[in-house]
2 protein chains.
Amino acid sequence: MKMRHKTEILTIAGELFSERGYHGTSMRELGRALDMKSASLYSHVKSKEELLWEIINHTANRFLEHARSVPVDISPEQQIASLSRGHLELIAQNLHYATVFFHEWKYLEAPLHDRIKAQSEEYEAFFYRAIEQGVQQGAFHITDIHLAVRFVLSSLNWTYQWFEPEGDLSLERLAEHYIALILNALTGEP
Amino acid sequence: MKMRHKTEILTIAGELFSERGYHGTSMRELGRALDMKSASLYSHVKSKEELLWEIINHTANRFLEHARSVPVDISPEQQIASLSRGHLELIAQNLHYATVFFHEWKYLEAPLHDRIKAQSEEYEAFFYRAIEQGVQQGAFHITDIHLAVRFVLSSLNWTYQWFEPEGDLSLERLAEHYIALILNALTGEP
DNA sequence: CCTACCGATCGGTAGG
DNA sequence: CCTACCGATCGGTAGG
């Protein structure tokens, strides 16, 4: 009859949702993983969707927090490097949450879905402005900044699909190589 | 009482699975979208998972077919360009199937899962060999080819998450810009 | 945190 | 392709 904290429930929910999907995980399975009855979960959350929302919203906030912490008075290259490194670290160090975030956010109901969408756009704007600065300063050679933002974020996001925290490839090495590839892509002559 | 073809069922299943997920779509919903009872679906397929398998296997085969059709006696740059263009075309022109492929393949049962995994590795090898050739010829400056393959495929794969076939951005323009960014990334000085 | 339970829905089958 | 139906499971509530 030991009491659970909400964060403990969210952690296990993140594991199960990332492995089997939100719709593929039942409250009974989650209860079983926590050694409690599914009915007891409802004293911590008011619905299954609340679990999904908390995982996704928490992750979105962490992405935004990091982006806001990147200085804007460093070079565009350094901004892109810092944004990219933070992005990869967040994914690699919170693989379950990141997987749920990327994989399941579209299953949130409309108002919540829209809030995440707005946060994503705010987040992308940090990449946009860094690349824009780089173009203005002549460091980057990009004719479609929006497309370049998509390209950079695509290469970073997909990491959740294959990265193994216990594998041979360290996060440091991954980040170093990816940042080099991204900066090459942005600076290359047209 | 009009008869349905299996491809028609698969097309609608692809739409529903891509929008609501495999676990989030019921056979009754699929039947409703096809104007038939869910029980009747079982004269076409033996299980819900067969629908998922056919969509994913068909998509995997099309990816492989294109990769095999790319000549190996053209320059590494041209090989990467052709592989990338084909990849983007396949996603953009089969957005529902591609979404199901990327999003739901992990929900296949182990033996089917393994077959798709093997096909994915075979597919990645085409990118690997093209980049390897480019490195040997001095055109690409890459120290970790596996990581470069991941990077390239990541940037391409994520397209299914945001591309709108009816939107302002044409497939041609997308492919042109992405190929330039990818080749920049691979050729850039270290 | 539990037991007991609700109506709804699930994938799938029998038999025509 | 249909009607009728199966046992299992779903998210969630009542009441303690």
message: Tell me every residue that passes side chain to side chain contact (heavy atoms under 4.5 Å, CB included) with K37(A), counting only those two or more places apart in sequence or in another chain.
response: S40(A)
message: Strictly distance-based, threshold 3.5 Å: is any side-chain N or O of H58(B) a donor or acceptor partner for the main-chain N or O of E54(B)?
response: no
Spacing between L30(B) atom CG and dC1(D) atom P, to the nearest angstrom: 11 Å
message: Measure CD/E50(A) against P/dG11(D) and give the value in whole Å, please.
response: 15 Å
message: If I take atom NE2 in residue H44(A) and atom C1' in nucleotide dC2(C), what distance separates them, rounded to the nearest angstrom?
response: 13 Å
field: Secondary-structure stems, DNA chain C, at least 3 Watson-Crick or G-U base pairs under 3.5 Å
entry: C:1-16 with D:1-16
message: Tell me every residue that passes side chain to side chain contact (heavy atoms under 4.5 Å, CB included) with T25(A), counting only those two or more places apart in sequence or in another chain.
response: L16(A), F17(A), R20(A), E29(A)
- line: Rounded to whole Å, NZ of K37(A) lies from P of dT9(D) at a distance of 14 Å
query: Using a cut-off of less than 4.0 Å, is there contact between a side-chain N or O of S40(A) and OP1 or OP2 of dC2(C)?
result: yes
Distance, rounded to the nearest Å, where E109(A) contributes CD and dG11(D) contributes P: 14 Å
message: Please enumerate all residues that pass ring-ring contact (aromatic ring centres under 6.0 Å, His included) together with H23(B), with sequence neighbours excluded.
response: Y107(B)
message: Among residues at least two apart in sequence or on other chains, which ones pass ring-ring contact (aromatic ring centres under 6.0 Å, His included) with F140(B)?
response: none
Pairs under 3.5 Å (N/O, protein and nucleotides 12-16 of chain C):
{"unit_1": "dG12(C)", "atom_1": "OP2", "unit_2": "Y42(B)", "atom_2": "OH", "d": "2.9"}
{"unit_1": "dG12(C)", "atom_1": "OP2", "unit_2": "K48(B)", "atom_2": "N", "d": "2.7"}

- prompt: Rounding to a whole Å, what distance do you find between Y107(B):OH and dG11(C):P?
  reply: 15 Å
- line: S26(A) has its side chain closest, among dC1(D), dG11(D), dC2(C), to dG11(D)
- prompt: In whole Å, what is the span from the CG atom of L34(A) to the P atom of dC2(C)?
  reply: 11 Å
- prompt: If you look only at pairs with a residue in residues 114-139 of chain A, which of them pass as a salt bridge (Lys or Arg N to Asp or Glu O under 4.0 Å), with sequence neighbours excluded?
  reply: R68(A)-E122(A)
field: ring-ring contact (aromatic ring centres under 6.0 Å, His included) involving W53(B) - partner list, sequence neighbours excluded
entry: none
task: Please collect all side-chain hydrogen bond (donor to acceptor under 3.5 Å, both in side chains) contacts where either partner lies in residues 70-92 of chain B, sequence neighbours excluded, each pair once.
output: S75(B)-Q78(B), Q79(B)-Q133(B), H87(B)-Y123(B), H87(B)-N157(B)
- request: Please list, by residue number, the residues of residues 12-19 of chain B whose heavy atoms come closer than 4.0 Å to an atom of DNA chain C; answer none if no residue qualifies.
  value: none
task: Kindly write out the residues that satisfy salt bridge (charged side-chain N to carboxylate O under 4.0 Å, His left out) with E176(A), not counting sequence neighbours, or none if the list is empty.
output: none
field: Side chains of K48(A) and L30(A) in contact at under 4.5 Å (non-hydrogen atoms)
entry: no
All N/O donor-acceptor pairs, side-chain side in residues 146-154 of chain A, below 3.5 Å, sequence neighbours left out:
{"unit_1": "S154(A)", "atom_1": "OG", "unit_2": "R150(A)", "atom_2": "O", "d": "2.6"}

- prompt: Whole Å only: how far is the NE2 atom of H23(B) from the C1' atom of dT9(C)?
  reply: 16 Å
